[in-house]
Amino acid sequence: MILLDELSEIVGDAFAGEGLDRAYGAVRPADRPDLAQFQCNGALAAAKAQKQNPRALGEKIAASLASHPAFREAGVAGPGFINLTLTDEFLNQKLTALSADEQLGGWRKAAKEKVVMDYGGPNVAKPLHVGHLRAAIIGESLKRVFRFAGDDVIGDVHLGDWGLPMGQLITELQREQPTLPYFDEAFEGPYPDEPPMTLEDLERLYPIASAACKADPQRAEEARQATAALQAGRAGYRALWSHFVATSRAAIEREYADLGVTFDLWKGEADAAPLVDDMAAELRAQGIVETSDGAEIIRVAVEGDKKKIPPLILFKSDGSVLYGTTDLATIVDRKQSLDPDRMLYVVDQRQALHFEQVFRAADRADLFPAERLEHIGFGTMNGKDGKPFKTREGGVLKLRELIDMVTDRARARLSEGGLAAGYSEDETADVARKVGVAALKFADLSNPRISDYVFDLDRFMSFEGKTGPYLLYARVRIRSVLDKAGDVAADGAGAIAIATPEERDLALALLAFGPAIREAHEKRAPHVLCDHAFLLAQAFSKFYAACRIADEENAAVRTSRLTLATVVGRQLDLTLGLLGIEAPQRM
Ligand code: ARG
């Protein structure tokens with residue numbers, strides 16, 4: 001059980017002893033750490049409900065707690081806040097249990113759920129851009145947090161592989177290589193196994209096609225028709241499309257892997273396509289599909305809506321399907337093939353309306369209950385001009401270029417700081433990549449996800465303050481302290497006996513891990529774990545500055561401190577791991 005819950009039970013018992021609801025006993029970290037470690041505000045509410053004097057009630061409760069072995073002090077402050085401070089013995093006991101726990105005091109859900117996590121969402125043939133960065137980073141971290149808390153998570157990349165860009169590409173390639181068999185309707189196959197184009201071709205052709213379609217309605221119509229033919233199953237187009245998907249996917253997979261992002265499923269919009277017709281028939285039979293201007297729609301607005309929620313368009317008047325249709329059919333697919341308890345969509349907040357429509361339609365159609373479909377939205381990464389980040393030339397920055405950029409900057413920073421000096425070229429490159437990616441990921445994850453943030457590489461890359469590099473450096477320093485000591489059990493199994501204020505604060509920081517996991521899970525908020533990692537590293541710094549560790553003379557104290565340092569290192573590793581951040585062994 002996590003410490004806060006245990007304390008809440010103890011204080012809840014005291015309230016119950018006065019004939020009051022035990023829920024009043026909820027304990028939280030003190031607002032004034034200079035006065036106490038924890039506090040309970042329940043006496044105020046309880047007294048109000050009972051028409052009693054809050055201070056008098058608080059004092060009664062505090063008096064009954066004072067004799068409990070957990071507390072060194074239980075007193076009342078102000079109008080009736082109960083302030084609590086634990087005994088060192090109690091903290092030692094909790095720390096010992098924490099260090100023996102595989103999850104180092106982490107939190108586990110009582111009942112696990114099967115969760116589909118839809119994140120990444122890159123599009124075939126378009127290079128990954130920074131817009132897909134946040135989905136990948138946040139989704140990867142949430143997947144890890146959910147798994148750590150006990151849920152069964154299936155991560156699905158949900159490739160964008162089925163829309164108009166596919167028709168644009170097909171028709172553009174036809175212009176360049178008109179004699180390919182894929183365009184010959186009379187060709188009976190088999191089609192070649194080797195792709196007729198490279199990744200570079202795709203990245204070159206797509207912008208040309210998309211610009212041409214914008215400029216020329218006739219060209220756009222051609223692309224639209226090719227898209228419809230692809231979706232209707234024209235063999236040559238399907239064969240060509242498979243090459244687009246395979247080539248693109250290989251590149252996307254590599255770039256995500258460099259960021260430490262992986263998926264269990266590489267499904268896409270196209271996988272839902274075969275389910276669309278049956279689904280539509282079912283929805284029509286339910287009577288929830290209406291015709292409007294030749295299109296088929298599902299109305300999803302309800303009374304009391306604060307803003308207008310337009311209907312979901314199931315089929316356009318030309319019969320083609322849109323993003324909402326494939327998302328609905330994907331829900332059907334996931335329900336049939338995985339039967340999950342919940343589906344989470346880690347996608348840009350600017351798509352909030354789309355998901356509202358899809359979720360309401362899924363609910364109306366009895367495909368899946370809306371309260372178990374969640375859009376986990378996030379803000380944008382902006383440039384210093386406050387607009388979504390672009391390169392100096394004004395284009396979207398490719399993920400590949402971004403990774404190179406942070407790696408180069410990290411390398412420069414390392415050499416300025418005299419770090420990683422004398423390492424082999426391979427190791428230097430590895431450390432630079434890890435520091436660069438950590439800087440980027442930590443900067444991204446440490447903001448509440450809904451907030452926008454400004455891309456500021458100098459700030460992200462600093463070794464001081466709340467940054468990725470600071471945390472990696474803190475981790476490496478703990479390791480070097482332990483290496484110097486040499487003899488402590490690697491699992492930190494020595495007896496812990498804290499005695500100084502810095503050790504006490506460090507103990508409390510370690511014990512805050514459980515509540516941090518719980519909050520990160522409940523709010524789907526990785527930034528809570530960033531806060532935890534930072535507070536833990538800071539508490540360690542203060543401990544390191546104030547207390548002798550490896551060179552402490554008293555053997556028992558030395559063992560206790562080395563054990564503490566070991567546990568901090570392990571918990572920091574765990575936390576960084578949950579953020580999807582890899583730390584070098586040394587730097
Ligand atoms: N491919 C989409 C985009 O680039 C994101 C897909 C998100 N997931 C979903 N199920 N709609 O905007």
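Order of appearance sets the numbers: ligands from 1, and atoms from 1 within every ligand. In this text the structure is predicted, and so the values were computed from the model without any measurement.
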Peer 1: Using a 4.0 Å cut-off to any heavy atom of Tyr323, which atoms of ligand 1 qualify?
Peer 2: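 Contacts of ligand 1 toward Tyr323, numbered from 1: 2 (C), 5 (C), 6 (C), 7 (C), 9 (C), 11 (N).
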Peer 1: Would Phe442 and Tyr470 count as a close aromatic pair, with their ring centres under 6.0 Å?
Peer 2: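 That pair fails the under 6.0 Å test.
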Peer 1: Check Tyr345, Phe359, Tyr323 against His354 for a ring pair (Phe, Tyr, Trp, His ring centres under 6.0 Å) and give me the one that passes.
Peer 2: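 For His354, the ring pair (Phe, Tyr, Trp, His ring centres under 6.0 Å) check succeeds only for Tyr323.
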Peer 1: Using heavy atoms and a threshold below 4.0 Å, how should the contact between Asn123 and ligand 1 be classified: side chain, backbone, both, or neither?
Peer 2: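 Within the 4.0 Å criterion, Asn123 contacts ligand 1 through side-chain atoms alone.
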Peer 1: For the atom pair CD1 (Ile313) and CD (Glu296), what is the distance rounded to the nearest 0.5 Å?
Peer 2: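 Atom-to-atom, Ile313:CD1 and Glu296:CD are 11.5 Å apart.
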Peer 1: Using non-hydrogen atoms of the residue, decide whether Phe355 is closer than 4.0 angstrom to ligand 1.
Peer 2: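 Phe355: in contact with ligand 1 (<4.0 Å).
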Peer 1: Which heavy atom in Ser320 sits nearest to a heavy atom in Gln231, and how many Å separate them?
Peer 2: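 Residues Ser320 and Gln231, closest heavy atoms: CB-OE1, 4.3 Å.
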Peer 1: For Tyr345, is at least one N or O under 3.5 Å away from an N or O on ligand 1?
Peer 2: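 N/O-N/O distance below 3.5 Å does not exist for this pair.
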Peer 1: Please work out whether the ring planes of Phe183 and Tyr237 are parallel, tilted or perpendicular, with thresholds of 30° and 60°.
Peer 2: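 The rings of Phe183 and Tyr237 stand perpendicular, inter-plane angle above 60°.
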Peer 1: Would you please say whether a donor-acceptor pair under 3.5 Å links the side chains of Glu282 and Gln286?
Peer 2: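 The criterion, which ignores hydrogens and geometry beyond distance, is satisfied for Gln286 and Glu282.
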Peer 1: Side chain, backbone, both or neither: which part of Asp327 comes within less than 4.0 Å of ligand 1 when only heavy atoms are counted?
Peer 2: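 The side chain, only.
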Peer 1: Within a reach of under 6.0 Å around CG of Asp193, are more than 12 heavy atoms found that belong to other residues, nucleotides or ligands?
Peer 2: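 Open.
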Peer 1: Looking only at protein heavy atoms, identify the closest one to atom 3 (C) of ligand 1 and say how far it is in Å.
Peer 2: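 Closest protein heavy atom to atom 3 (C) of ligand 1: Gly121 O, 3.7 Å.
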Peer 1: Give the residue, atom name and distance (to 0.1 Å) of the protein heavy atom nearest atom 12 (O) of ligand 1.
Peer 2: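 Of every protein heavy atom, Gln351 NE2, 2.9 Å lies nearest to atom 12 (O) of ligand 1.
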Peer 1: With respect to Val347, determine whether any N or O atom, backbone or side chain, lies less than 3.5 Å from an N or O atom of ligand 1.
Peer 2: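 No; the residue has no nitrogen or oxygen that sits under 3.5 Å from a nitrogen or oxygen of the ligand.
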Peer 1: Can you sort out which atoms of ligand 1 are near Asp118, meaning under 4.0 Å from one of its heavy atoms?
Peer 2: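 In order of numbering, the contacting atoms are 8 (N), 9 (C), 10 (N).
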